[in-house]
Number of protein chains: 2
Amino acid sequence: MLRIISTEWDALTQEPTFKKTHFVEEMGLMFESVGLPRMAGRIFGWLLISDPAQQSSADLAAVLQASKGSISSMTRLLIQLGLIERTSVPGDRRDYFQVKPHAWSHMTEQRLAQIAAFRQLAEKGLDLLKDDPPFLQRRLREMRDIHAFWERELPQLNQRWEQEQAKAMHPEHS
Amino acid sequence: MLRIISTEWDALTQEPTFKKTHFVEEMGLMFESVGLPRMAGRIFGWLLISDPAQQSSADLAAVLQASKGSISSMTRLLIQLGLIERTSVPGDRRDYFQVKPHAWSHMTEQRLAQIAAFRQLAEKGLDLLKDDPPFLQRRLREMRDIHAFWERELPQLNQRWEQEQAKAMHPEHS
DNA sequence: CAGAAAGTTCAGTAAGCATTGAACTTTCTG
DNA sequence: CAGAAAGTTCAATGCTTACTGAACTTTCTG
């Protein structure tokens with residue numbers, strides 16, 4: 001049996017190359033640094049470089065050496081975060097997962113919700129200090145104002161990104 | 001002994017009011033939701049509403065019911081994050097902590113570093129797929145492009161904020 | 001409808017990390 | 001310089017939470 005051993009031909013074997021494993025692990029660490037489970041990062045990382053782009057639970061479990069249960073709960077989390085989606089194929093009992101197009105805009109919305117929460121908390125704090133001298137309120141005013149600023153500007157920026165994307169898709173309209 | 005019991009007069013007793021405790025706890029949860037230790041959030045929360053704005057380690061330990069060790073390591077973390085700073089008073093052995101002015105701009109820089117890391121990781125991934133058909137590369141191109149976009153735009157937005165702030169401080173120059 | 005394959009749930013385990021408390025170091029004071 | 005107060009470090013602990021594996025449910029096939 002001839003077996004081609006190369007970092008380039010792993011599409012044939014569907015075994016992750018050393019470099020690809022490394023990429024997957026890096027994404028795992030990245031997710032951890034943002035406070036998300038490492039395994040969620042691994043799954044997302046693999047779905048970014050896998051061939052084909054759609055991978056079943058069994059595929060993921062095999063490649064990432066993880067249990068079915070872990071794959072199940074982490075894919076659920078990733079779907080909830082809006083980073084991946086589930087696709088099904090007629091005549092195939094299995095579900096497939098793939099990274100969701102425009103996943104990152106969705107991430108921006110999540111971020112925005114966080115910013116809004118911080119602004120609201122700052123306002124609660126200001127209410128507690130409403131009878132205190134202004135210089136004691138400064139800390140909280142700064143917190144409130146900058147978050148209100150981001151809350152105002154980020155959606156606009158996101159919109160601009162989406163417009164630019166649309167333009168890049170139809171360059172003949174420019 | 002006459003003891004004034006009121007939610008408004010706690011500046012005299014330096015005991016946190018129920019509402020203030022609640023604020024502190026909320027900030028703790030907020031920090032957790034961003035992947036930071038809850039105690040760091042509590043400290044930061046208290047420093048946002050304390051009177052005076054400067055608080056010693058002993059103050060923090062007493063108000064937050066935490067150990068000296070915990071205060072020590074969490075203040076170190078907050079300083080490293082750029083959220084608080086240490087101030088010393090001549091003729092006073094103690095160190096005081098206070099929220100750092102413009103702390104949030106510093107947070108933006110941290111965020112920017114994260115975005116840059118994501119863009120770089122996307123580029124690593126693209127390199128792994130450089131011999132694959134373009135449609136397999138799309139996932140990573142999108143990730144790379146949007147992060148490059150934020151990397152370009154966020155600093156500008158931050159600059160605009162700082163300018164607006166400077167203007168608000170010297171309205172006579174407008 | 002029986003059997004099998006796919007997927008989910010959940011109790012138990014393991015690992016990581018915040019937190020404590022005690023020992024240690026540093027810094028100031030009389 | 002001795003003593004005390006402030007602050008840091010670090011080993012041990014407890015808690016949270018990711019992860020596993022087995023039992024269970026669902027969905028498809030012959």
Side-chain angles (χ1 to χ4, degrees), chain A residues 14 24-47 52 54-81 83-98, chain B residues 14 21 24-47 54-81 83-98:
Chain A
Q14 197 51 272
V24 165
E25 284 308 309
E26 271 199 87
M27 190 61 81
L29 292 177
M30 212 77 159
F31 266 55
E32 257 190 354
S33 84
V34 190
L36 292 169
R38 185 182 296 195
M39 186 61 77
R42 290 208 188 96
I43 293 174
F44 187 66
W46 177 244
L47 288 176
Q54 298 74 223
Q55 299 272 303
S56 70
S57 297
D59 293 337
L60 294 171
V63 169
L64 304 176
Q65 307 265 52
S67 70
K68 286 200 299 175
S70 181
I71 300 295
S72 173
S73 58
M74 288 303 116
T75 49
R76 181 151 25 87
L77 173 64
L78 286 168
I79 287 170
Q80 191 216 314
L81 290 174
L83 284 176
I84 68 173
E85 62 191 3
R86 190 189 295 265
T87 66
S88 49
V89 177
D92 187 339
R93 195 178 312 176
R94 279 167 296 188
D95 289 346
Y96 292 88
F97 300 99
Q98 62 180 16
Chain B
Q14 197 52 269
T21 305
V24 165
E25 285 306 311
E26 271 199 86
M27 189 60 80
L29 292 176
M30 211 76 161
F31 266 55
E32 258 191 353
S33 83
V34 189
L36 292 169
R38 186 182 295 194
M39 187 60 78
R42 289 208 190 95
I43 293 174
F44 186 67
W46 177 244
L47 288 177
Q54 298 73 224
Q55 299 273 303
S56 70
S57 296
D59 293 338
L60 294 171
V63 169
L64 304 176
Q65 308 264 53
S67 69
K68 285 200 299 174
S70 182
I71 300 295
S72 172
S73 58
M74 289 303 115
T75 48
R76 182 152 24 87
L77 173 64
L78 286 168
I79 287 170
Q80 191 216 314
L81 290 174
L83 284 175
I84 69 173
E85 63 191 3
R86 189 189 296 264
T87 66
S88 49
V89 177
D92 188 338
R93 195 179 311 178
R94 278 168 297 187
D95 289 345
Y96 293 89
F97 300 98
Q98 62 181 17

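All values derive from a computational prediction rather than experimental measurement. Computed over heavy atoms, backbone and side chain alike; hydrogens, waters and symmetry mates excluded. Convention: sequence-line order gives letters A, B, ...; per-chain numbering from 1.
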Considering all heavy atoms of both residues, which atom of [X] and which atom of [Y] are nearest to each other, and what is their separation?
X: A:Ile79; Y: A:Glu85; answer: CG1-CA, 4.5 Å
X: B:Phe44; Y: B:Leu78; answer: N-CD1, 4.1 Å
X: B:Asp95; Y: B:Ser88; answer: OD1-CB, 4.3 Å

May I have the step-by-step check of side chain to side chain contact (heavy atoms under 4.5 Å, CB included) for A:Arg42 and A:Arg38, ending in yes or no?
-> CA-CA 6 Å; A:Arg42 290 208 188 96; A:Arg38 185 182 296 195; 3.3 Å; yes
Run the numbers on A:Met27 and A:Phe31 for side chain to side chain contact (heavy atoms under 4.5 Å, CB included), then give the verdict.
-> CA-CA 6 Å; A:Met27 190 61 81; A:Phe31 266 55; 3.9 Å; yes
For A:Ile71, does its backbone N or O pair with a side-chain atom of A:Thr75 as donor and acceptor, under 3.5 Å?
-> yes
A:Arg86 side chain near C:dA6 phosphate (N/O to OP1/OP2, under 4.0 Å) | no
Taking only the side-chain nitrogens and oxygens of B:Arg76, find out if one of them lies under 4.0 Å from OP1 or OP2 of D:dT9.
-> yes
Output, in order, the C-alpha distance, side-chain angles, deciding distance and verdict of side chain to side chain contact (heavy atoms under 4.5 Å, CB included) for B:Leu83 and B:Leu47.
-> CA-CA 10 Å; B:Leu83 284 175; B:Leu47 288 177; over 6 Å; no
Can you tell me how far [atom2] of [N] sits from [atom1] of [X], to the nearest Å?
X: A:Leu60; N: C:dG7; atom1: CG; atom2: P; answer: 10 Å
X: B:Arg94; N: D:dA5; atom1: CZ; atom2: C1'; answer: 10 Å
X: B:Asp59; N: D:dG7; atom1: CG; atom2: C1'; answer: 14 Å
X: A:Gln55; N: C:dG7; atom1: CD; atom2: C1'; answer: 17 Å
X: B:Phe31; N: C:dT19; atom1: CZ; atom2: P; answer: 12 Å

Checking all strands, does B:Ser57 fall into the base, sugar-phosphate, or nothing category for heavy-atom contacts under 4.0 angstrom?
-> sugar-phosphate
Taking side-chain contact (heavy atoms from CB on, under 4.5 Å) as the test, write out the residues that go with A:Gln54, two or more places apart.
-> A:Pro52, A:Thr87, A:Tyr96, A:Gln98
Criterion side chain to side chain contact (heavy atoms under 4.5 Å, CB included) on A:Leu36 and A:Leu81, from CA distance to verdict | CA-CA 11 Å; A:Leu36 292 169; A:Leu81 290 174; 4.0 Å; yes
Dot-bracket, DNA chain D: Watson-Crick or G-U, under 3.5 angstrom, [ ] crossing, | other strand?
-> ||||||||||||||||||||||||||||||
Sugar-phosphate means primed atoms, P, OP1 and OP2; the rest is base. With that split, encode nucleotides 19-30 of chain D 5' to 3' as B, S or - using protein heavy atoms under 4.0 Å.
-> SBB-----BBS-
